[in-house]
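Reading through the structure tokens given below for one structure.
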Amino acid sequence: MPTSNDMRKVLDIQDKNIVFEDNCVVQGHFKGKECKYIKGTLTYIPKECMKCHAPNVNYSVYRNGTQKSRITIPMSGVKPTYLLLKKQRFQCKECGATFTAKTPVVKENCFISHYVKANILNLASTAQSVKDISFQANVSSATTQRFINEEAKKYKPHYLQLPKHLSFDEFKYANSTLAFEYIDADKGTIIDILPSRDSRTIKDHFLNRFGLMARKKVQTITVDMNAGYISFIPELFPNAKIIIDRFHLVQLVNRSMNRTRVSIMNQFHTSNGEDMKKYRRLKRYWKKILKKASQLSYTKYKSYSMFGMRLESAIVDEMLGYDTLLKNTNEV
Ligand SMILES: [Zn+2]
């Protein structure tokens, strides 16, 4: 039979005060399910009374009965596993108080071992549902969620300072609502994510978390050009300049150029052969119209279908010549 030491190794229990005797593993039932019980005893000689802290001399703190508790531990094998721990109770001659032996395996008044918690957090680091994790760890979904929340709180950073350059962004998540995130624009690191991008949420967040001094230090904020929160940035960040994200600006310019081209192109969709030629050219060479004039070739003749051997700049000029609005829009 295994020694206490081996049992502790199997169960990842480091507390040497927990001892296991022969035949300590028994089959049983819990909550209508088959399970495995591992019987252990927790005992030691306390150095002092836990209540009055009087040192234990000549058995002034003496053993006085035991208390049993059932502790959930990570499954060993396929069945849920519980540690049936018989904990030593002590009484103090000095103050008369009684107390129970302690072990780092569990928190006081908690019946789920730290190892189960560690296991949950370990499983939570992989993409799994709370339901799956709770099934594997043999605890309820509510318990799993509570452990994850407790742990997440510990890691919530307390940023009292803000970087000089911020970038605001929004993104869709699971149920297609928009979340808000803000980024250190120099480092590219996400500082925080808010569950919603409505002005109330964003204002409250910055006002509650950062003092005016910290907010005044922000020099620039890069935002999407359509963002609703542009309006209250000056209120929150009195010294910040608002920068419209270059990407969004370029996107807007391209989009409006395309929209104009398509509406003009459609006007040429008639029974007239000349019009249809213009229509097809505008449809086919939409990318050329988006090109910067300085990037068009003015020297190289190439064969373009519907045009023949031409200069790139010449075909763009010809197409823009179909309509004044198209030409003006392109110039802008
Ligand atoms: Zn005492």
Side-chain angles (χ1 to χ4, degrees), residues 1-31 35-76 79-122 124 134 137-156 158:
M1 282 311 285
T3 63
S4 264
N5 209 13
D6 290 330
M7 252 344 253
R8 281 195 295 265
K9 275 185 197 158
V10 168
L11 298 174
D12 282 319
I13 289 173
Q14 272 121 35
D15 189 352
K16 292 210 166 72
N17 296 324
I18 296 178
V19 291
F20 297 93
E21 282 161 26
D22 285 358
N23 304 315
C24 61
V25 183
V26 293
Q27 307 296 328
H29 286 87
F30 182 64
K31 285 186 182 165
C35 69
K36 211 186 296 175
Y37 285 116
I38 300 168
K39 293 180 184 173
T41 309
L42 170 68
T43 188
Y44 52 87
I45 298 165
K47 287 197 174 74
E48 57 171 30
C49 165
M50 270 175 59
K51 297 280 156 68
C52 71
H53 300 289
N56 180 14
V57 278
N58 293 326
Y59 301 100
S60 63
V61 177
Y62 59 96
R63 291 176 177 190
N64 181 21
T66 56
Q67 187 188 46
K68 272 186 189 163
S69 55
R70 187 196 60 244
I71 298 154
T72 308
I73 57 176
M75 267 190 224
S76 62
K79 289 176 194 166
T81 312
Y82 300 99
L83 174 62
L84 277 185
L85 192 60
K86 205 200 276 182
K87 294 174 178 170
Q88 187 67 58
R89 301 236 344 129
F90 300 103
Q91 186 153 21
C92 166
K93 274 183 190 167
E94 286 293 319
C95 70
T98 57
F99 57 92
T100 311
K102 281 195 168 167
T103 170
V105 173
V106 280
K107 250 205 255 173
E108 233 177 327
N109 304 321
C110 181
F111 300 100
I112 294 164
S113 76
H114 290 325
Y115 304 108
V116 171
K117 276 194 192 181
N119 192 24
I120 288 171
L121 296 173
N122 202 11
S134 53
N138 187 34
V139 292
S140 71
S141 297
T143 304
T144 301
Q145 190 63 65
R146 184 163 50 83
F147 285 159
I148 293 171
N149 291 351
E150 276 172 10
E151 206 59 22
K153 257 184 226 157
K154 289 186 203 163
Y155 294 104
K156 200 151 207 181
H158 294 281

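Order of appearance sets the numbers: ligands from 1, and atoms from 1 within every ligand. None of the values given here were measured: they were computed from a predicted structure.
Side-chain atoms of Asn138 and Val116, non-hydrogen and from C-beta on, never get closer than 4.5 Å to each other. Looking only at side-chain heavy atoms (C-beta outward), Leu83 and Ile13 come within less than 4.5 Å of each other.
Among the backbone and side-chain atoms of His53, no N/O/S atom is found under 2.8 Å from the Zn ion (ligand 1).
Considering Leu11, Leu42, Thr43, Thr41 in turn, Leu42 is the only one that fulfils the side chain to side chain contact (heavy atoms under 4.5 Å, CB included) rule with Ile18.
Seen from the Zn ion (ligand 1), atom SG on Cys95 and atom SG on Cys49 lie at an angle near 110° (rounded to 10 degrees). Of the angles at the Zn ion (ligand 1), the one spanning SG of Cys92 and SG of Cys52 is 120° when given to 10°.
Defined by atom type and a distance below 3.5 Å, a donor-acceptor pair is missing between the side-chain atoms of Thr66 and Arg89.
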